[in-house]
Amino acid sequence: MLFKFPKPSQNQLDLESRILTEKRKEQQILLFKKYYAKFRLLILILLITCISFLLFDTFQNSVSIQNLHIIENNKKNKTLPEFFVSAYLPQVPSAASAHSSSLVELNNGKLLAIWFAGSREGAADVALWSSTLNKDGWSPPKLVIDRENLAGSLFSQVRKIGNPLLFVDKVNPQKIHLWFVSVGVGGWAGSSINHTFSDDNGETWYKPTKLQISPFLNISNLVRTPPIQFDNGYIGLPIYHEFIKKFGEFIVLNADGKHIISQKFMPLYNNISAIQPSLIVDDNTIFALLRNSGKIAENNINNYIQKVISKDNGITWDFDNLPHSEVKIRNFSSSIATLKLPSGNWLLVANSDASRNFLDLYLSKDKGKNWQLVKHLENAMEYQKNPLYKKDNVLEHEFSYPSIILGKDNRIHLTYTWNRKTIKYVTFSEQWLSSN
C-alpha cells in the first residue's frame, strides 16, 4: 500500500529554513567566542612575555659587576707533540638517538660527558646520560635524570628534556654545575632552564631547580654553550631564546648558579636571528660568536656566524668593528664551539654546509677577524667510500653540536654528535692542527 504525505506548505519551509539559519548562527557565534578567547589569551601571553623580557633586561642588581675580573685560562704555551686520538662513547641501551653533548675536565683529571638520548629528539623517553673517561676508557652510560624524576622535583609537568651544559666551578673546583633545558608545554620555544650540581665528580646530583629568568611566564630560555666566571664566584652564562624572535642573551648568576644578578640581550647584526652564543675571553674583553638562525638558503649572503663583544663584563654588548661583526664562515643554523688556545690563537669548530655533512676546524691568529680552515674533522663522503657502508644517501650522516675544552696538560678535547646515533670523542694537540 502506498502512502501519500501532504506536501509541506511554503510557510513550513520558510520556518524550517529560519530555524536552521538560527542554529548555524548560534554555532558560528559559539565558535567565534571559543577562538576569540584563545586569541585574547595568546595576545595576553605575548604581551606579558615581551614586558617581562624588557623589565628583566633593564634590571640591574645593586651589586656592580663592572669592576670584577674574569678568570681566564692563561695556561703556559707548552708545546705538545703532534697527536690525534678518537673514540666513541658507549651507546645508551635501547636509545636509537643521541645528541647535544657537554664536556668538562674534573678536578681529578678525568673527563665527564653528559648528553641526551632516547628514541628521537624531543621524545618522552629522552633522558640525560653521563660517562667518565678513565684509564680503562669511557664508562658505561649512567642515567642522570629523566622526565619523570624532573617532574617530581619541580612539581610541574615536563614534556621533554633537551640540551645539557656542564661547568666546573673555577672558584670551588669540587663543584660541578649542570644546567639543562626542559619543556612543559609546546616546543623548544616554551623551554625553561634547570640547574643542579654535584660535589662528587658527577656520581650523584642534587635536586634540580628551575632558573627564574623571567618574572612572569619564564619560558623560551635555552642553554647550550659554556659560561665564564668572575673572581668573586659570579657566573656569566650565555643563553638564547626562540620565542617570536631568536636571539642571544648574557646573564650573570650568583656563585651558586641559581639567582640572577644581571642580564642583557645581545644585538643582532642586520636583524638576522642568531642563537647559542659561544664565548671567548681575551684581554678582559668577552667575544661572543653566534650560530646563524635566520632564513636558511644556499644562496643567502647572510648565512654567516655573527660576532658581538663586551668590554664591561657583559653589561653592554656591541658589534665588533664593522664589517667584522660577521665571521666570514658559512653557517646554516648549526651549533658552533670556540676555544682560546695557549698560543693565543682561537679555535672554531663548525659546520660549513647546510646538511651538517662536514665538521671543520678553523684557526684565527688575530682575535677572530680572519679565519683559516685547517682541518676537515668529519667528511660524510669518506664514509661513502667504505665498502661496508650500505646507505645510498650521504645526507643521512650528521656531525654536529661540538663541545670543546682545553685540558690541564694543554690537550684539546672535543665531543660531538655522530650521525645522531652516538657521541664521538677526539683529542689532539695544537701542533696537529698545523700538520699535513
Side-chain angles (χ1 to χ4, degrees), residues 52-74 163 165-171 177 179 193 195 211-215 218 220-242 245-269 273-291 293 305-322 324-325 327 335-340 346 348 367-368:
S52 66
F53 277 147
L54 290 173
L55 286 176
F56 258 53
D57 185 46
T58 55
F59 171 78
Q60 290 289 335
N61 193 281
S62 58
V63 180
S64 174
I65 65 170
Q66 190 166 359
N67 297 324
L68 298 178
H69 296 283
I70 302 171
I71 302 174
E72 296 192 47
N73 294 324
N74 292 323
N163 297 339
L165 173 62
L166 286 168
F167 179 67
V168 175
D169 199 294
K170 296 179 180 179
V171 177
H177 297 272
W179 295 275
I193 300 174
H195 174 267
L211 195 61
Q212 192 68 34
I213 295 175
S214 167
N218 198 34
S220 185
N221 307 310
L222 299 94
V223 70
R224 161 70 189 146
T225 46
I228 59 175
Q229 193 163 25
F230 300 95
D231 54 0
N232 70 338
Y234 285 0
I235 298 170
L237 182 67
I239 67 172
Y240 63 102
H241 307 277
E242 293 193 6
K245 188 70 175 176
K246 297 181 179 182
F247 58 94
E249 185 178 4
F250 183 76
I251 63 176
V252 177
L253 305 172
N254 66 346
D256 66 11
K258 296 180 181 179
H259 305 290
I260 293 180
I261 304 301
S262 70
Q263 60 188 124
K264 194 67 180 179
F265 297 154
M266 294 178 178
L268 297 173
Y269 181 60
S273 296
I275 58 175
Q276 298 176 348
S278 183
L279 307 182
I280 289 183
V281 178
D282 203 321
D283 292 335
N284 292 316
T285 299
I286 309 173
F287 296 81
L289 275 65
L290 294 96
R291 158 186 173 177
S293 191
I305 295 170
Q306 293 189 32
K307 181 171 62 170
V308 293
I309 65 169
S310 175
K311 296 183 178 180
D312 53 11
N313 289 343
I315 296 175
T316 59
W317 291 85
D318 205 349
F319 301 114
D320 181 24
N321 298 326
L322 295 172
H324 298 297
S325 287
V327 175
S335 186
I336 63 175
T338 57
L339 183 67
K340 182 183 176 184
W346 292 6
L348 168 68
K367 299 183 180 181

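Nothing here was measured: the structure is a model prediction, and the numbers come from that model.
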Check whether the side chains of [X] and [Y] place a donor and an acceptor atom closer than 3.5 Å, and report yes or no.
X: Ser220; Y: Glu242; result: no
X: Trp346; Y: Asp282; result: yes
X: Ser310; Y: Asp312; result: yes
X: Thr338; Y: Ser278; result: yes

I'd like to know whether Ile235 forms a side chain to side chain contact (heavy atoms under 4.5 Å, CB included) with His177, so could you lay out the CA-CA distance, the side-chain angles of the two residues, the decisive distance to 0.1 Å, and finally the verdict. CA-CA 10 Å; Ile235 298 170; His177 297 272; 3.6 Å; yes

Whether over 12 other heavy atoms sit under 6.0 Å from Lys311 NZ: no

Determine the minimum heavy-atom distance between [X] and [Y], stating which atoms define it.
X: Ala274; Y: Leu268; value: N-CD2, 3.6 Å
X: Ser293; Y: Lys246; value: OG-CD, 3.1 Å
X: Gln229; Y: Val171; value: OE1-N, 3.7 Å
X: Asn221; Y: His241; value: OD1-CE1, 3.0 Å
X: Phe319; Y: Pro267; value: CZ-CB, 3.7 Å

A side-chain contact here means heavy atoms from C-beta on lying under 4.5 Å apart; do [X] and [Y] qualify?
X: Leu222; Y: Trp179; value: no
X: Lys340; Y: Glu72; value: yes
X: Val308; Y: Asp318; value: no
X: Lys367; Y: Asp283; value: yes
X: Val252; Y: Gln263; value: no
X: Lys264; Y: Trp317; value: yes
X: Leu348; Y: Ile305; value: yes
X: Leu289; Y: Val327; value: yes

Taking the six-membered ring for Trp, is the centroid-to-centroid distance between Tyr240 and Phe247 below 6.0 Å? no

Tell me if a side-chain donor or acceptor on Lys307 pairs with a main-chain N or O of Gly368 at a distance below 3.5 Å. yes

Under the 3.5 angstrom rule, does the side chain of Asn313 hit a backbone N or O of Ile65 as a donor-acceptor pair? yes

Given Ile193, which of Asn163, Ile213, Leu165 fulfils the side chain to side chain contact (heavy atoms under 4.5 Å, CB included) condition? Ile213

Have a look at Pro238 and tell me which of Ile228, Ile275, Leu279 forms a side chain to side chain contact (heavy atoms under 4.5 Å, CB included) with it. Leu279

Check the pair Ile261, Tyr234 against side chain to side chain contact (heavy atoms under 4.5 Å, CB included), reporting the backbone distance first and the verdict last. CA-CA 8 Å; Ile261 304 301; Tyr234 285 0; 4.0 Å; yes

Could you tell me the separation between the NZ atom of Lys245 and the CZ atom of Phe265, rounded to the nearest 0.5 Å? 13.5 Å

Would you compute the distance between atom NE2 of His259 and atom CD1 of Ile251 and round it to the nearest 0.5 angstrom? 12.5 Å

Evaluate side chain to side chain donor-acceptor pair (under 3.5 Å) for Thr225 paired with Gln276, printing each intermediate quantity in order. CA-CA 6 Å; Thr225 46; Gln276 298 176 348; over 6 Å; no

Step by step, would you call Ile70 with Ile286 a side chain to side chain contact (heavy atoms under 4.5 Å, CB included)? CA-CA 9 Å; Ile70 302 171; Ile286 309 173; 3.6 Å; yes

